[in-house]
There are 4 protein chains.
Amino acid sequence: MTTQKDNAPKDAVRDKRMAIIDAALAVISETGILNATVEDIARRAGVAKGTVYLYFKTKEEILVEMVVEKSGETLAAVHKAASGVSGIWEKLRAAMRIHFANIIEHMPNVLIDEGMLHLTAAHKKKLLNAKFAHVKFYEEIIAEHFAKSGREPPFSPLASALALIGGLIGYVFQRHHFKDAAVGPDEYLRTYEAIVQAALIGGETKSEKSKRK
Amino acid sequence: MTTQKDNAPKDAVRDKRMAIIDAALAVISETGILNATVEDIARRAGVAKGTVYLYFKTKEEILVEMVVEKSGETLAAVHKAASGVSGIWEKLRAAMRIHFANIIEHMPNVLIDEGMLHLTAAHKKKLLNAKFAHVKFYEEIIAEHFAKSGREPPFSPLASALALIGGLIGYVFQRHHFKDAAVGPDEYLRTYEAIVQAALIGGETKSEKSKRK
Amino acid sequence: MTTQKDNAPKDAVRDKRMAIIDAALAVISETGILNATVEDIARRAGVAKGTVYLYFKTKEEILVEMVVEKSGETLAAVHKAASGVSGIWEKLRAAMRIHFANIIEHMPNVLIDEGMLHLTAAHKKKLLNAKFAHVKFYEEIIAEHFAKSGREPPFSPLASALALIGGLIGYVFQRHHFKDAAVGPDEYLRTYEAIVQAALIGGETKSEKSKRK
Amino acid sequence: MTTQKDNAPKDAVRDKRMAIIDAALAVISETGILNATVEDIARRAGVAKGTVYLYFKTKEEILVEMVVEKSGETLAAVHKAASGVSGIWEKLRAAMRIHFANIIEHMPNVLIDEGMLHLTAAHKKKLLNAKFAHVKFYEEIIAEHFAKSGREPPFSPLASALALIGGLIGYVFQRHHFKDAAVGPDEYLRTYEAIVQAALIGGETKSEKSKRK
DNA sequence: GATGAATGAGAGTTCATTCAT
DNA sequence: TATGAATGAACTCTCATTCAT
């Protein structure tokens with residue numbers, strides 16, 4: 001049994017860690033990775049510059065931990081959303097919706113590319129593992145779907161999962177076009193859902209049909 | 001009429017400009033945007049550091065002009081590929097293939113995001129216009145396709161075009177996963193083609209059918 | 001009369017003070033003055049960083065007090081060694097041996113130079129006084145020796161004392177050469193003893209002669 | 001044949017390099033190694049902070065190169081002085097005088113200890129080699145002296161050389177005592193010369209005797 | 001036009017010192 | 001008395017940009 005006294009300091013540490021990570025996300029969103037300074041992040045988090053280094057060894061570590069943390073949150077949310085519904089397509093759609101919302105909210109996560117930074121091998125691995133967990137999630141669902149349908153899988157579940165995520169994060173790099181065009185993220189998502197459905201599922205599912213009645 | 005005397009220096013200027021842009025692309029590919037220095041770019045281009053500033057006002061301008069230039073090259077190649085074949089789907093597929101090859105070759109182009117840098121308004125606009133030209137290309141083809149098929153367009157051509165490109169560039173951000181997984185860019189492209197075909201075209205086209213025979 | 005109750009806390013204070021000083025000496029020996037941090041010293045002493053500041057006002061004070069303390073210990077040991085034997089040269093030699101052993105043991109003491117640090121006037125004075133006590137010790141012995149010998153003193157006792165100590169501490173700055181060369185501290189000391197003896201005493205003393213028989 | 005045009009840039013480089021080294025020496029003399037900043041050194045040398053890094057990769061390299069350079073100068077001066085006179089003791093004395101003058105002039109050189117800093121292996125080796133060249137110079141002279149005198153060498157030439165230098169640089173660490181005491185560096189040197197002469201040479205040389213007449 | 005030495009603002013990081021607990 | 005999280009001044013080093021040659 002852990003007393004409150006035991007947890008309090010641990011929670012305080014986690015809180016401040018998360019505050020710094022959130023600050024980093026916010027600062028990067030506003031100024032871009034190239035211009036985000038540790039001082040900015042500290043100020044945003046409401047701590048001194050030196051304090052940041054009590055929680056993260058380097059600026060690089062802040063970025064990596066930010067991606068890992070937020071990717072984890074996203075994956076958890078996606079999992080939860082998918083397990084709340086039944087049916088392959090319903091699961092996929094629920095996952096995609098939450099996933100897309102998270103991608104938009106944590107945009108810098110997507111923009112931080114392993115090749116842009118000069119990460120240590122360990123950090124690079126950590127980053128890729130965090131991202132790959134998302135791929136595996138979709139891969140499993142798609143594989144299950146292909147298995148259930150009697151027909152020959154039209155393409156590999158892994159490639160499908162990668163393409164699916166690719167389409168979701170591709171939005172981020174085109175987001176500025178949406179201001180001019182009369183196409184918002186909602187329409188993008190709806191379109192993309194339809195594309196995926198048509199490609200992977202092939203027409204309406206039974207539950208979709210019954211809903212329409 | 002322009003004499004040779006007039007053109008020669010202009011060409012020399014354009015050559016050096018392009019040499020610097022190509023050097024920038026190469027350096028960024030290797031070291032990442034964060035670590036690419038003007039000195040690296042100059043050395044790679046075979047000119048002195050100061051010379052770079054005779055052709056570009058700032059480092060930012062190098063990046064912007066690089067994207068504009070390379071995007072233009074890509075669009076020209078895509079256009080050419082599409083006009084070489086007949087049939088909507090054939091055009092789309094030819095375009096996607098060339099586009100995808102260019103995306104991989106000019107990866108930094110994709111990675112340079114308007115939100116990452118701190119661009120001036122003019123530069124940002126220039127960048128977005130260059131990128132949007134691609135979107136419009138696909139939008140037109142898709143719109144034409146929807147118009148030809150008698151049925152109601154399932155989703156807006158613009159959103160479709162954005163999603164289509166999104167899926168293509170999404171590959172770049174997942175490229176590191178492909179080393180571990182047994183999925184190469186070719187399989188990604190094939191899968192993605194199939195997804196797009198299924199979604200936008202709806203099953204095999206006539207030409208596809210005839211090919212199979 | 002002081003009760004045990006009074007002394008106990010005082011002793012505890014002195015113990016912790018000495019623990020910190022010893023920790024400082026150990027840390028500096030290992031990492032060098034430039035890299036020795038208060039945190040290192042505290043950890044080595046087994047106390048918290050803040051605790052160090054209950055016993056010393058600044059890091060500078062730790063260093064100064066360390067030198068004063070260790071110099072005092074050395075001087076006491078030297079005194080004791082010298083008073084344990086009779087004869088001028090015997091005293092000198094006994095003193096030099098103990099002194100040299102202490103110099104090697106407390107190397108940072110020697111390396112901490114008044115000009116390297118940016119000491120307050122008070123600290124500088126304290127440091128110099130501690131060091132000068134050593135000089136005076138040798139000066140007195142040498143002066144006594146010169147007085148006893150009928151002959152004119154060949155050089156001032158003070159200069160002699162300074163040169164004598166100079167030769168001893170000079171070892172510290174050349175200690176790295178001894179690894180390569182086949183000369184250890186013992187041979188250095190033996191050589192230096194002989195030099196001093198030849199110069200100040202002038203040939204063997206009577207007790208040396210009798211020992212040889 | 002090298003034209004003036006060829007040498008000019010090389011000389012300019014060397015001049016600036018030396019200006020920075022001299023500035024480093026001056027700044028360290030005044031503020032101590034611990035407080036000497038690169039900015040101070042740059043200002044003193046009359047260049048911008050960044051310029052220093054065009055000539056030296058790190059601050060550590062400035063220090064190492066400073067020692068190497070000044071040690072080399074000293075050794076050259078010592079060599080020249082020794083070769084200007086004949087007779088072992090005359091050579092030794094001339095060398096010691098110049099050496100001592102250089103030690104006082106380049107005091108920080110002596111104070112920079114391999115154990116205080118956290119040098120890379122390569123830098124440490126470079127530093128030690130530079131210093132050891134001095135030792136070897138004296139070792140050779142002393143060995144020659146021992147060889148010429150028929151008698152058994154009383155102590156190893158190497159240990160003797162180390163002790164000799166030890167006594168010279170020992171002055172630096174006691175220099176502050178000389179302000180209070182009525183002993184200046186000149187008297188220290190004279191005393192030390194006499195000590196060395198008595199120990200290594202054994203009484204007056206013939207040239208000394210003749211001088212006295 | 002071309003060069004590259006020089007600049008200096010600004011970045012990441014460290015660490016002596018403080019102070020609420 | 002003892003703690004160690006927090007602070008922020010100060011450090012080393014980088015690099016986009018300039019300009020005399």
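We name chains A, B, ... by the order of the sequence lines, and we start the count at 1 in each one.
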What's the shortest heavy-atom distance between [X] and [Y], and which atoms?
X: B:V52; Y: B:I20; answer: CA-CD1, 4.1 Å
X: B:Y53; Y: B:T58; answer: CE2-CA, 4.2 Å
X: A:A45; Y: A:A19; answer: CB-O, 3.9 Å

**Asked** Can you tell me if D:E60 uses its side chain to pair, donor with acceptor, with the backbone of D:T120 under 3.5 Å?
**Response**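 Yes; at least one donor-acceptor contact below 3.5 Å.
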Checklist entry - Under 4.0 angstrom, heavy atoms only, what part of the nucleic acid is B:K16 near: base, sugar-phosphate, or nothing? => result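 Here B:K16 touches the backbone only, sparing every base.
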In residues 26-43 of chain D, what residues come within less than 4.0 Å of DNA chain F, judged by heavy atoms?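 D:A36, D:T37, D:V38, in order of number.
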- Message: I need the single residue from A:K124, A:K125, A:K131, A:H123 that forms a side-chain hydrogen bond (donor to acceptor under 3.5 Å, both in side chains) with A:E114. Which is it?
- Response: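 The residue from A:K124, A:K125, A:K131, A:H123 that satisfies side-chain hydrogen bond (donor to acceptor under 3.5 Å, both in side chains) with A:E114 turns out to be A:K131.
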Value in whole Å for how far the [atom2] atom of [N] lies from [atom1] of [X]:
X: B:L63; N: F:dT17; atom1: CG; atom2: C1'; result: 15 Å
X: C:R14; N: F:dT1; atom1: CZ; atom2: P; result: 16 Å
X: C:L119; N: E:dA16; atom1: CG; atom2: P; result: 15 Å
X: D:H118; N: F:dT12; atom1: NE2; atom2: P; result: 16 Å
X: D:L54; N: F:dT12; atom1: CG; atom2: P; result: 17 Å
X: B:E61; N: F:dT17; atom1: CD; atom2: C1'; result: 14 Å
X: C:R17; N: F:dT1; atom1: CZ; atom2: C1'; result: 17 Å
X: A:K59; N: F:dT12; atom1: NZ; atom2: P; result: 21 Å

message = What I want to check is whether an N or O donor and acceptor connect the side chain of C:K49 with the base of F:dT3 at under 3.5 Å.
response =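 Looking at the base of F:dT3, it does not pair with any donor or acceptor on the side chain of C:K49 (distance under 3.5 Å).
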Side-chain contact test, heavy atoms from C-beta onward, threshold under 4.5 Å: evaluate it for [X] versus [Y] and give yes or no.
X: C:V110; Y: C:H106; result: no
X: D:N109; Y: D:L25; result: yes
X: A:N129; Y: A:V68; result: no
X: D:K70; Y: D:I21; result: yes

Roughly what angle, to 10°, lies between the helix axis at the start of the helix from E:dA2-F:dT21 to E:dT21-F:dA2 and the one at its end, five pairs per end?
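It works out to 10° between the end axes.
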Detail all sub-3.5 Å separations between protein N/O atoms and N/O atoms belonging to nucleotides 19-21 of chain E.
none

Assess whether side chain to side chain contact (heavy atoms under 4.5 Å, CB included) is satisfied between B:T31 and A:H118, documenting all intermediate values.
CA-CA 7 Å; B:T31 68; A:H118 198 65; 6.0 Å; no
By nearest nucleotide on DNA chain E, pick out whichever of B:V52 and D:V52 is the more 5' one.
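Here B:V52 is the residue nearer the 5' end.
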Nearest of E:dA2, E:dA6, F:dT3 to any side-chain atom of B:T51?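 Within the option list, the nearest is E:dA2.
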- prompt: Has A:Y55 got a side-chain N or O lying under 4.0 Å from the OP1 or OP2 atom of F:dA5?
  reply: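 For F:dA5, neither OP1 nor OP2 has a side-chain N or O of A:Y55 closer than 4.0 Å.
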Check: Under the criterion salt bridge (charged side-chain N to carboxylate O under 4.0 Å, His left out), which of D:R14, D:K126, D:K57 is the partner of D:E65?
Finding: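 That would be D:K126; it is the only one of D:R14, D:K126, D:K57 passing the salt bridge (charged side-chain N to carboxylate O under 4.0 Å, His left out) with D:E65.
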Problem set entry | Passing candidate, side-chain contact (heavy atoms from CB on, under 4.5 Å) with D:I28, options D:L63, D:D40, D:I62, D:L111 |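 With D:I28 as partner, side-chain contact (heavy atoms from CB on, under 4.5 Å) holds for just one option, D:L63.
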